[in-house]
Chemist: 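One structure, pasted below without further comment.
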2 protein chains.
Amino acid sequence: MQPSVRPSPLEQPTPGQPAQHDVAAVRRFNRYFTRRVGVLSDRYLERNRPLGQARLLFEIATATTQRELRERLGLDAGQLSRMLTALESQSLVRTRPDPADRRRRLIELTARGRRELAEQNRRADAFAAGILNGLTGDQRSRLLDSLGTAERLLRLAAITVESPVDPATAEARWCLDSYAAELDERFPGGFDSSILVTAEQLSPPAGAFVLARDDNGPVGCGAVRSLGDGAGELRHLWIAPHARGLGLGRRLLADLERLAADLGHRVLRLSTHPTLTEAIALYRGAGYRAVADYPGFEDPHATLCFERDLP
Amino acid sequence: MQPSVRPSPLEQPTPGQPAQHDVAAVRRFNRYFTRRVGVLSDRYLERNRPLGQARLLFEIATATTQRELRERLGLDAGQLSRMLTALESQSLVRTRPDPADRRRRLIELTARGRRELAEQNRRADAFAAGILNGLTGDQRSRLLDSLGTAERLLRLAAITVESPVDPATAEARWCLDSYAAELDERFPGGFDSSILVTAEQLSPPAGAFVLARDDNGPVGCGAVRSLGDGAGELRHLWIAPHARGLGLGRRLLADLERLAADLGHRVLRLSTHPTLTEAIALYRGAGYRAVADYPGFEDPHATLCFERDLP
DNA sequence: AAAATTACTTGACTCGGGTCAACGATTGAC
DNA sequence: GTCAATCGTTGACCCGAGTCAAGTAATTTT
């Protein structure tokens, strides 16, 4: 819902309200899909066991504490406790006190529970296979393609970008740490994380930090700091691996440019490394031009510099 | 699950079990979609009214008798009756005895019920719009494209083809009537339905009839009759308008060819009309060649003849 | 005209999901 | 060492969904 005061050459995330026709199409698909696939596959899951317990079995496979289960499934403590005793009485699940904190109870599947879970999975697979069965190979791959594209775009649509945000929060730190860890792996000589800019440099009015989140937490970040003299520097633009290929980079970049302009910068500069091909393509596509160097440039890893005038 | 005894040049609907990878992709999408969209939109629908009543309100807009509602929603008679009295006590719905059969009660929305329904729709729209909001125009159209393709393919996968089937059943008659009605509209001079082949000609061993159904009933048909002398004739291949563009034609055609071969025919012939461009494309694509005429050809509307040797 | 059928209503249930509050047991903070 | 907070359990609920069977009124069949 940004007012389009300053039209940017980049794609705007929200070009007005969606057309009624498009809204109807989404609703139509939703109606069809949940009726045909969603509900049915639930019924398939439960083997004369309440749906809640069946779902729980799924989650227990990867969780160990009640707290975790409660958060993941959004259950009441009492309700979960009762469901667990039900599963325990079927000897699908075993609980024992956590030695580290004996208020807690650790939960694990028994051998029988694992068999039961495998059977549930087999049935869910059979259901999905049943859907694919009536299709030719070509049709199948078109279907999977469409589902994949749809999922990626839905995920993208679920991502919200907060800007500016305090770079000292846990979520922000997590992003910056992930960024450093990734570069450390990708750069031949590793990555020297001491060159990460400090939180002070990224807080207004000196600079700004931008954070993208989906339903499960942070999925990307980016920062602007001041180089002085009307110039800003873009730093630490990072997208979580599972959120790549969605167009989120462009969205973050657009937000950072807007922020930089708001901070009074007239030109935005950045440096990057030839290995980071996706990033380079992003900058070129967004109208950045390569420059030899710039004052304040200090990253020893970077060997490519870009800049762009801000509107 | 047809054994591939006689490999046809046409695409087989079931080339073996789907790969595990594909199955997982379908499950992944299902999980994501139902969690993110399905459940949420239900919660959006209900305005401190039980979900069942909210759904009912939707359906009443287009239905008038309890019987119809029961069938559409799969509800118990008692349950529906109670839900209706609940809606009636909120004066959203009015019922009155059907003058034609006073055991029945006609159901209609009151003015207030219509307002309430409109509000429900507004909310559901807002929810769908919310999904589209975070996307650029280009991304939106890609999303809608993908959803459309996925829905069409899922619909196709849900279609089952029964062959052979008794051409005298109500469903078969319905298809043939629809076929005649459509041609009557599309042909400049109308369609003379007396040339429809008789049920006897389409029953084994003289011929065969094939019927395609989706969850809601018949969506297509086709027939083979004998022309004598080792030749069969393909007749009345028809696909319901809402099931077109899915590739169902090719599937029915493949089934009919298999049937014709089973009946002992060595060549399959057919006649069609230049207006029916989709059909002509289908036949050409399936390896049929145009011929001038053939013995037994009798359809006054048809002016194009095709044939193909059966394996 | 009687018997069977159909359309709906009502009562009496079960069940799963969900909420709330009280209560041990355990732990961390001061 | 005490007190507050935390983790899980248990009892006592509500609610909506769904099932089953008996009952009433109207209609069709025979």
Side-chain angles (χ1 to χ4, degrees), chain A residues 34-35 38-40 42-60 63-90 92-108 120, chain B residues 34-35 38-40 42-60 63-90 92-108 120:
Chain A
T34 49
R35 272 233 272 269
V39 186
L40 273 172
D42 274 357
R43 294 269 165 268
Y44 254 75
L45 255 186
E46 50 180 323
R47 321 210 303 126
N48 59 45
R49 184 189 326 288
L51 183 56
Q53 288 179 30
R55 275 205 229 283
L56 195 49
L57 219 49
F58 257 111
E59 298 292 336
I60 292 174
T64 44
T65 67
Q66 287 202 27
R67 163 150 224 89
E68 214 184 319
L69 286 173
R70 278 221 312 280
E71 273 172 14
R72 233 189 291 171
L73 294 170
L75 287 176
D76 175 76
Q79 203 180 344
L80 176 59
S81 176
R82 259 180 276 259
M83 286 171 92
L84 281 173
T85 56
L87 288 179
E88 217 169 346
S89 76
Q90 299 166 67
L92 300 172
V93 149
R94 196 173 28 234
T95 71
R96 61 188 163 86
D98 183 345
D101 178 346
R102 297 200 334 278
R103 288 171 303 183
R104 290 199 186 131
R105 317 215 76 210
L106 296 180
I107 308 166
E108 43 190 26
Q120 272 185 196
Chain B
T34 49
R35 271 234 270 270
V39 186
L40 272 171
D42 273 359
R43 296 267 165 267
Y44 253 74
L45 252 186
E46 48 181 327
R47 320 211 304 128
N48 58 45
R49 184 189 329 286
L51 184 55
Q53 287 178 31
R55 274 206 230 283
L56 194 51
L57 220 49
F58 257 110
E59 298 293 336
I60 292 174
T64 44
T65 68
Q66 287 202 26
R67 161 151 228 90
E68 214 183 317
L69 286 173
R70 278 220 314 279
E71 275 172 14
R72 232 188 292 171
L73 294 171
L75 289 176
D76 175 76
Q79 202 180 345
L80 176 58
S81 177
R82 259 181 276 259
M83 286 171 90
L84 282 173
T85 57
L87 288 178
E88 217 168 347
S89 77
Q90 299 168 65
L92 299 171
V93 149
R94 198 174 23 233
T95 71
R96 60 189 163 86
D98 182 345
D101 177 346
R102 293 195 342 272
R103 287 172 305 182
R104 288 197 188 134
R105 318 214 78 209
L106 296 179
I107 307 166
E108 44 191 25
Q120 274 187 194

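This one's a predicted model, so the numbers in the text were calculated from it and none came from an experiment. Order of the sequence lines fixes the chain letters, A, B, ..., with proteins taken first and strands second; residue numbering starts at 1 for each chain.
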Chemist: Tell me: CZ of B:Arg67 to P of D:dT27, nearest whole Å?
Modeler: 16 Å
Chemist: Grab the CZ-P distance between A:Arg96 and D:dC7 for me, whole Å please.
Modeler: 18 Å
Chemist: Take the protein atom CD of A:Glu71 and the nucleotide atom P of D:dG8, then report the distance between them rounded to whole Å.
Modeler: 11 Å
Chemist: Within a strict 4.5 Å, meaning less than it, do heavy atoms of the B:Leu56 and B:Leu69 side chains meet?
Modeler: yes
Chemist: For D:dG8, take OP1 and OP2 only and decide whether either is under 4.0 Å from a side-chain N or O of A:Arg70.
Modeler: yes
Chemist: Looking only at non-hydrogen atoms, find the nearest pair between A:Gln90 and A:Gln53 and report the distance.
Modeler: NE2-OE1, 3.1 Å
Chemist: Taking the side chain as every heavy atom from C-beta outward, state whether A:Leu80 and A:Leu73 have any pair of such atoms under 4.5 Å apart.
Modeler: no
Chemist: What residue among B:Arg72, B:Gln66, B:Arg70 forms side-chain hydrogen bond (donor to acceptor under 3.5 Å, both in side chains) with B:Glu68?
Modeler: B:Arg72
Chemist: When you measure from the side-chain N and O atoms of A:Arg104 to the phosphate of C:dT26, is any distance below 4.0 Å, counting only OP1 and OP2?
Modeler: no
Chemist: Between A:Pro50 and B:Arg105, which has a closest nucleotide on DNA chain C that is more 5'?
Modeler: B:Arg105
Chemist: Would you name the heavy atoms of A:Ala54 and A:Arg49 that are closest together and state the gap between them?
Modeler: N-CD, 4.1 Å
Chemist: Over how many whole Å does the gap from B:Arg49 atom CZ to D:dC15 atom C1' extend?
Modeler: 16 Å
Chemist: Looking only at non-hydrogen atoms, find the nearest pair between B:Arg96 and B:Pro99 and report the distance.
Modeler: NH1-CD, 4.3 Å
Chemist: Rounding to an integer number of Å, can you tell me how far B:Leu73 CG sits from D:dG16 P?
Modeler: 18 Å
Chemist: Over how many whole Å does the gap from A:Gln66 atom CD to C:dT26 atom P extend?
Modeler: 16 Å
Chemist: Using whole Å, what does the distance between atom P of nucleotide D:dC15 and atom CG of B:Asn48 come to?
Modeler: 14 Å
Chemist: Between B:Ala100 and A:Thr85, which is nearer to the 5' end of DNA chain D once each is assigned its nearest nucleotide?
Modeler: A:Thr85
Chemist: At under 4.0 Å between heavy atoms, what does A:Leu80 touch on the DNA or RNA strands: base, sugar-phosphate, or nothing?
Modeler: nothing
Chemist: Could you tell me the separation between the CZ atom of B:Arg105 and the OG1 atom of B:Thr65, rounded to the nearest 0.5 Å?
Modeler: 13.0 Å
Chemist: Heavy atoms under 4.0 Å is the rule here; annotate nucleotides 19-26 of chain D 5' to 3' with B where the base is hit, S where only the sugar-phosphate is, and - elsewhere.
Modeler: BB-----B
Chemist: Expressed as a whole number of angstroms, how long is the span from A:Glu68:CD to D:dC7:P?
Modeler: 13 Å
